[in-house]
S.K.: 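Below you will find the structure I want to go over with you.
Residue numbers start from 1 in every chain, and the chains themselves are labelled A, B, ... in the order their sequence lines are given, proteins ahead of strands. Computed from a predicted model, the values in this text were never measured in an experiment. When reading the values below, keep in mind they use all heavy atoms of this one structure, side chains included, and skip hydrogens, waters and symmetry mates.
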Number of protein chains: 2
Amino acid sequence: MHDQVHTPHPAGLERTAAALRERGYRVTSQRLLIQRTLEDMGRHVSVEELREAAAGRLPNLSLPTVYAALETLEDAGMVRRVPGGRGRALWDARTAEHHHLVCRRCGAVEDLRTKVALEAAVSAAARQGFAPDGAEVVVHGLCSRCR
Amino acid sequence: MHDQVHTPHPAGLERTAAALRERGYRVTSQRLLIQRTLEDMGRHVSVEELREAAAGRLPNLSLPTVYAALETLEDAGMVRRVPGGRGRALWDARTAEHHHLVCRRCGAVEDLRTKVALEAAVSAAARQGFAPDGAEVVVHGLCSRCR
DNA sequence: GTTTTTGCAAATGATTTGCATGGAT
DNA sequence: ATCCATGCAAATCATTTGCAAAAAC
């Protein structure tokens, strides 16, 4: 840990930079900032929430840039897009496999606190001609507030 | 089978009507038509595709009506909303549990042809205060065309 | 007869695009 | 020096809403 800041950064700027270079993307302050902000938030957030949090550190960061950076970071494997959330996409820097509960009424997305074996599903996908990045379980229903 | 048509209708108009009444919804020709059209299509379709197919049988069926009917039918358990498809929602009348492959590049959604045991995930969700309707696996990655 | 649903037109809200400037390689 | 990424404004696209007329109960 040669970081001089106090917040935890499991991935770190270097790892993000390396992941970007590896796919031929340029390393920009916006991309690093967005990955780092999302990691600091430690939960699923909307693009708008993320922009608000990041804009505190880089004033005129634009929304199109946030969208573009997230797509790039997703391709570099540094962030995950989370399905569900009532129309708008949610993003998460926690790339380790975990699963979600999506409320069909209010769109809230929370984490499922259990592991599920999906190796068979992933290899079946590959056998169907698909190139899987990962798999997740989505449980749909009503959250505690909406039930 | 007292149907005079030749297409197969596993659910049937009566079952749809009963499901609607059971939840206190009114039985309308639009709702029956939409459920039946979706069932006839036998795959995931967008709202727009569904409207086009249904409009052939009921000329000035409006898009807002299709949206409203799908939500009602979902609540009545007669159709499923499928996650993934690049922003827009996809719908399916095949309510039996099955799983999906979602292409992160083009948004295409195809079925996974394998069963996955999700009982543990569903009961864990219930233990977290969630009221689950069902669960599914989403494998994300690149489809055969985009890889 | 009363209440819900429909159809239409218009509003909303997330995401994307075009294009000139600035930054990374 | 070259090419990619950013910022801004405006466009796009799916979905939702308001409201009067029509249909279901």
S.K.: Return the value, rounded to whole Å, for the distance between atom CG of Leu73(B) and atom P of dT6(C).
M.R.: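 The distance from CG of Leu73(B) to P of dT6(C) comes to 10 Å, rounded to the nearest Å.
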S.K.: Can you measure Arg51(B) atom CZ to dA14(D) atom C1' for me and round it to whole angstrom units?
M.R.: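 The answer, rounded to whole Å, is 13 Å.
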S.K.: Atom CG of Leu32(A) and atom P of dA5(D): how far apart are they, to the nearest Å?
M.R.: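 Distance, rounded to whole Å: 13 Å.
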S.K.: Would you say Asn60(B) places a side-chain N or O within less than 4.0 Å of OP1 or OP2 belonging to dT6(C)?
M.R.: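 For dT6(C), neither OP1 nor OP2 has a side-chain N or O of Asn60(B) closer than 4.0 Å.
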S.K.: Start at the 5' end of DNA chain D and walk down; is the nucleotide closest to Arg26(A) or to Leu58(A) reached first?
M.R.: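 Its nearest nucleotide being more 5', the pick is Arg26(A).
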S.K.: Between Tyr67(B) and dT16(D), does any side-chain N or O lie under 4.0 Å from OP1 or OP2?
M.R.: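 No.
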S.K.: Answer yes or no: is there an ion pair linking Asp111(A) with Arg43(A), defined by an N-O contact shorter than 4.0 Å?
M.R.: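 Salt bridge flag = no for Arg43(A) with Asp111(A).
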S.K.: Calculate the interatomic distance between Trp91(A) atom CH2 and dT15(C) atom C1'; express it in whole Å.
M.R.: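 After rounding, the reported distance stands at 11 Å.
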S.K.: Does the side chain of Thr28(B) get closer than 4.0 angstrom to OP1 or OP2 of dT6(C) through an N or O atom?
M.R.: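 Checking dT6(C) against Thr28(B), a side-chain N or O does come within under 4.0 Å of OP1 or OP2.
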S.K.: 5'-most contact on DNA chain D: Gly24(A) or Glu71(B), nearest heavy atom basis?
M.R.: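 Counting from the 5' end, the first nearest nucleotide belongs to Gly24(A).
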S.K.: Which of the following nucleotides, dC8(C), dT25(C), dC8(D), is nearest to the side chain of Pro64(A)?
M.R.: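 Nearest listed nucleotide: dC8(D).
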S.K.: Measure up the His100(A) and His44(A) rings against each other and bin them: parallel (under 30°), tilted (30 to 60°), perpendicular (over 60°).
M.R.: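 Ring orientation, 0 to 90° scale: perpendicular.
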S.K.: From the list dG7(C), dG7(D), dT15(D), which nucleotide is the closest neighbour of the side chain of Gln30(A)?
M.R.: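 Among dG7(C), dG7(D), dT15(D), the one nearest the side chain of Gln30(A) is dG7(D).
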S.K.: Taking only N and O in the side chain of Thr65(A), is any of them less than 4.0 Å away from OP1 or OP2 of dG7(D)?
M.R.: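 Yes, such a contact exists.
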S.K.: Tell me: CG of Leu90(B) to C1' of dA14(D), nearest whole Å?
M.R.: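 After rounding, the reported distance stands at 12 Å.
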S.K.: Could you give the CD-to-P distance, from Glu49(A) to dA14(C), as a whole number of Å?
M.R.: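 After rounding, the gap between these two atoms is 11 Å.
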S.K.: Specify the separation, in whole Å, of atom CZ of Arg88(A) and atom P of dT15(C).
M.R.: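 It works out to 8 Å between those atoms.
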S.K.: Keeping the roles fixed (side chain from Thr65(A), backbone from Leu61(A)), state whether a donor-acceptor pair exists under 3.5 Å.
M.R.: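 No, the answer is negative, given that no donor and acceptor are paired below the 3.5 Å cut-off.
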S.K.: Name the residue from Glu136(B), Lys115(B), Arg80(B), Arg113(B) that meets the side-chain hydrogen bond (donor to acceptor under 3.5 Å, both in side chains) definition with His98(B).
M.R.: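 Passing option: Arg80(B).
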S.K.: With ILVMFWY side chains joined below 4.5 Å, transitively, what does Leu142(B)'s cluster contain besides itself?
M.R.: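 When side chains under 4.5 Å apart are linked, Leu142(B) ends up in no cluster with other residues.
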S.K.: Rounded to whole angstroms, how far apart are CG on Leu63(B) and P on dA11(C)?
M.R.: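 Checked: the CG to P distance equals 17 Å.
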S.K.: Would you indicate, yes or no, if dT5(C) has its OP1 or OP2 atom less than 4.0 angstrom from a side-chain nitrogen or oxygen of Arg31(B)?
M.R.: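 Yes, because at least one side-chain N or O of Arg31(B) sits under 4.0 Å from OP1 or OP2 of dT5(C).
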